[in-house]
Amino acid sequence: METVKEKKKSTDSKKTIKVSGAEALIHCLLAEGVETMYGYPGGAIMPVYDELYKFQDKLTHILTRHEQGATHAAQGYARVSGKVGVAIATSGPGATNLVTGLADAQIDSTPMVCITGQVTRQLLGTDAFQETDIIGISTPVTKWNYQITEASEIPEVMAKAFYIAKSGRPGPVLVDITKNAQIEAFDFSYEKCTAVRSYKPVSKPDTNAIQAAADLINSAKKPFIVWGQGVILGKAEEELKALVEKAGIPAAWTIMGASALDTAHPLNVGMVGMHGNYGPNLMTNECDLLIAIGMRFDDRVTGRLEDYAKQAKVIHFEIDPAEINKNVHADVAVLGNSKETLGLVLPLINENSHQAWHNGFKEKYKIEFDTIIKNDIHPTKDGLTMGEVIEEINLASNNKAVIVSDVGQHQMIACRYAKFSQSKSNITSGGLGTMGFALPAAIGAKMGAMDREVVAIIGDGGYQMTIQELGVIFQHKVPVKIVVLNNEHLGMVRQWQELFFERRYASTVMVNPDFVKIAEGYSIEAKRISERKDLKATIQEMMASKEPYFLEVKVEQEDNVFPMIPSGASVSEVRLK
Amino acid sequence: MENKWFTISVYSENNVGLLNRISGIFLKRHINIESLNVSKSEIEDVSKFTIVAHTTEKWVHNIVGQIEKQIEVIKAYYHTDDETIYQESALFKIASGLLFDERQIQNIIKDNNAQIVTVSRDFFVIAKSGRRNEIDEMHDQLKPYGIMQFVRSGRISVTKDEMKISAILKEF
Ligand SMILES: Cc1ncc(C[n+]2csc(CCOP(=O)(O)OP(=O)(O)O)c2C)c(N)n1
Ligand SMILES: [Mg+2]
């Protein structure tokens, strides 16, 4: 612990400079290591944009074409890089346009700091031009938010914002800055935040819980791991792999956890949830020990809770105490950072191989392969399937691409069939299911991992929700690969209408524009294919390109995604057709 | 699970937006806040929210978890009625004439252990602290004579067990 005297000395030696609030904000961002941010200017944030202009060689600002795009780009950036994503907007409509991205980042635990301009302090509460209570509006969808009304608050609040966004269970933070606070000058100095008195981001692992977890794992006959994004956020990929291998435990993932363990790993048995793999869903109700790691038992994962893993003991490794016993009762709860807690459990685990139990998963996979997977990725019918497109991308990218998917059937197909050999490779809107996420998120993902190939997989519906972000790809030549899987429908909703609403296709038939022409309008190389004979070569051409590339694939219009656990059904009721 | 009365005690930093955050947690779950009181606590610079809700233990557990997760919240607890000592306060404003004309009113005040806070030419004010049912009973007794104004506070409560907030604050 720092003594009071030392602390005093360090503040004395801190150099202060007299700057405006807006300039101070830039210094804060630079001190936090921000290199790229996404946003859109307007009246109430203009002093900050003026400083962004002056600091443009130190801090890149990307003008998205809509503030929602800025949030998703910041999310994509954060999800591939592990850094905090930053988005900025003006007051009023600029601020309200951030709400979807905030909600998405909140439910998917993505570290993001959003900065909004606000009317000057004297005008607060007067219904001034472009005044909106963004603190009130964003409260339920932020981990923390704060309104700055004096320049001198900026350093401490920004330091706190970054600390809160990335520590513990990460999440979005919004800082609203009144215009006067951007203009006023004050003596600036910066100190990073390392603690907030009322906030305990990570619990110290409890040795009793660690031992109890190890005992359950060692005595289990049919243990089953389901991991989520907590493994990625906790950087516990190696520990997960070591646990899986040492104890010989079949392991499945939620879509947010995808890519934490190589898809080709023999003990990686696939995805759980509504459109997850057959084996993992069925075996959830066969295992004697369910080991949940960094996941939160979302209803899309559990199906009907009353019939979820009732026969099993449950160990829950989790960073957020509020998740324990929220949906599923934990017999042993191990609170803490997943890297730390798994690391502590590992030496206490006996080597094992649950061969017979694991074979059960292989048998289920065979059933699923014969009834579904084979037809999805090696179809014999005329029309193209979404699955075979993903499979070709796997081949052409050597399983190394970052796959950014939107929301709908193509998302489920992408998550089911994309192969990953590296962590942080599956970027998708899991908890909120935000159509329009993928195109801007792919831009952010590419900028956050320039050395990686980024492929956006988008439906014809969702593409049109944020299609304006093609402007960013065009302007900055962001070399992302955009694949629109065009089934001429809001496919996922149409599938539900087919199955549960007697094929009444209310408002799900899409009348689409010429996507190729649109891309060409942005000077993006663009192709459309509708026949199998063109698929392989075109995908290879796309993956080989060093430029942005748009590919529309006309796929079967009324294909469905299976397996499926109908909503409200049990995981045991997973349907193969 | 059956609905029960729970008192939620929240120790927090004093912060402008926190009340909004906490009430939003109830709103999101469509659970009504039956009473709410904000005051200082036994620790300097630490505020205390006392919230009463009628819900199931499963939900109150969930809500307290979410409340505790808020950055400015130090610690939140929930208790059932028999684990706490709790009270509410009420004020009754009554026309002055009644105090002199209706002997019964003085008996009501005495029997209920209430106090006269102020007497003016036109009205007088009676204060009563106690359990909600006691206040309700007194209300019923006074009602026939005419109550000009009535107000009852949110519940305030202390627990029979220790809360150990100072120790928790040191731990952070
Ligand atoms: C913003 C938003 N609005 C509505 C929905 C509901 N929804 C979920 S999937 C879907 C259809 C998506 O269609 P498309 O983008 O073409 O993808 P497909 O399912 O056809 O692959 C809709 C409308 C949503 N998830 N997000
Ligand atoms: Mg579609």
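Just so it is clear: chains get the letters A, B, ... in the order the sequence lines come, proteins before strands, and each one is counted from 1.
Salt bridge annotation for A/Arg300-A/Asp298: absent, with no cationic side-chain nitrogen under 4.0 angstrom from a carboxylate oxygen. Under the 4.0 Å criterion applied to side-chain N and carboxylate O atoms, A/Lys192 and A/Glu32 are assigned as salt-bridge partners. A salt bridge links A/Arg169 to A/Glu323: at least one charged side-chain nitrogen sits closer than 4.0 Å to a carboxylate oxygen. Salt bridge B/Asp136/B/Arg152: present, at least one basic N to carboxylate O contact under 4.0 Å. Between A/Asp307 and A/Arg304 there is a salt bridge, with a side-chain nitrogen of the basic residue lying less than 4.0 Å from a carboxylate oxygen of the acidic one.
For A/Tyr163 (side chain) and A/Thr194 (main-chain N/O), a donor-acceptor pair under 3.5 Å exists by modelled atom type.
Only the side chain of B/Glu13 comes within contact range of chain A, with heavy atoms under 4.5 Å apart. B/Lys28 does not touch chain A: none of its heavy atoms, backbone or side chain, sits under 4.5 Å away.
Among A/Ile324, A/Ile135, A/Asp320, the residue making the largest number of heavy-atom pairs under 4.5 Å with chain B is A/Asp320.
For residues 138-162 of chain A, heavy-atom neighbours of chain B at less than 4.5 Å comprise A/Thr139, A/Thr142, A/Lys143, A/Trp144, A/Asn145, A/Lys160, sorted by residue number. Near-neighbour residues of residues 83-98 of chain B relative to chain A, defined by a heavy atom under 4.5 Å from a heavy atom of that chain, are none. Interface residues of residues 53-65 of chain B toward chain A, defined by a heavy-atom distance below 4.5 Å and sorted by number: B/Lys58, B/His61, B/Asn62, B/Gly65.
Among residues two or more places apart in sequence or in another chain, the side chain to side chain contact (heavy atoms under 4.5 Å, CB included) test is passed with A/Thr434 by A/Gln68, A/His72, A/Thr100, A/Asp104, A/Ser429, A/Leu432, A/Phe437.
The aromatic ring centres of B/His139 and B/Phe150 sit less than 6.0 Å apart.
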With side-chain contact (heavy atoms from CB on, under 4.5 Å) as the criterion, how do A/Asp108 and A/Met256 come out once you've worked through the C-alpha distance, each side chain's angles and the decisive distance to 0.1 Å? CA-CA 8 Å; A/Asp108 280 347; A/Met256 295 304 291; 3.4 Å; yes
Between B/Ser120 and B/Asp122, does a side-chain hydrogen bond (donor to acceptor under 3.5 Å, both in side chains) hold up when you go through it step by step? CA-CA 6 Å; B/Ser120 74; B/Asp122 302 323; 5.4 Å; no
Please determine whether side-chain hydrogen bond (donor to acceptor under 3.5 Å, both in side chains) holds for the pair B/Tyr11 and B/Glu68, giving the CA-CA distance in whole Å, both sets of side-chain angles, and the decisive distance to 0.1 Å. CA-CA 9 Å; B/Tyr11 287 86; B/Glu68 211 165 87; over 6 Å; no
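Between B/Gln141 and B/Asn112, the side chains place a donor N or O and an acceptor N or O closer than 3.5 Å (distance only, hydrogens not considered).
The number of heavy atoms from other shown groups lying within 6.0 Å of CG (B/Asp140) is above 12.
Paired with B/Asp81 under the rule salt bridge (charged side-chain N to carboxylate O under 4.0 Å, His left out), one option of B/Arg155, B/Lys160, B/Arg131 passes, and it is B/Arg155.
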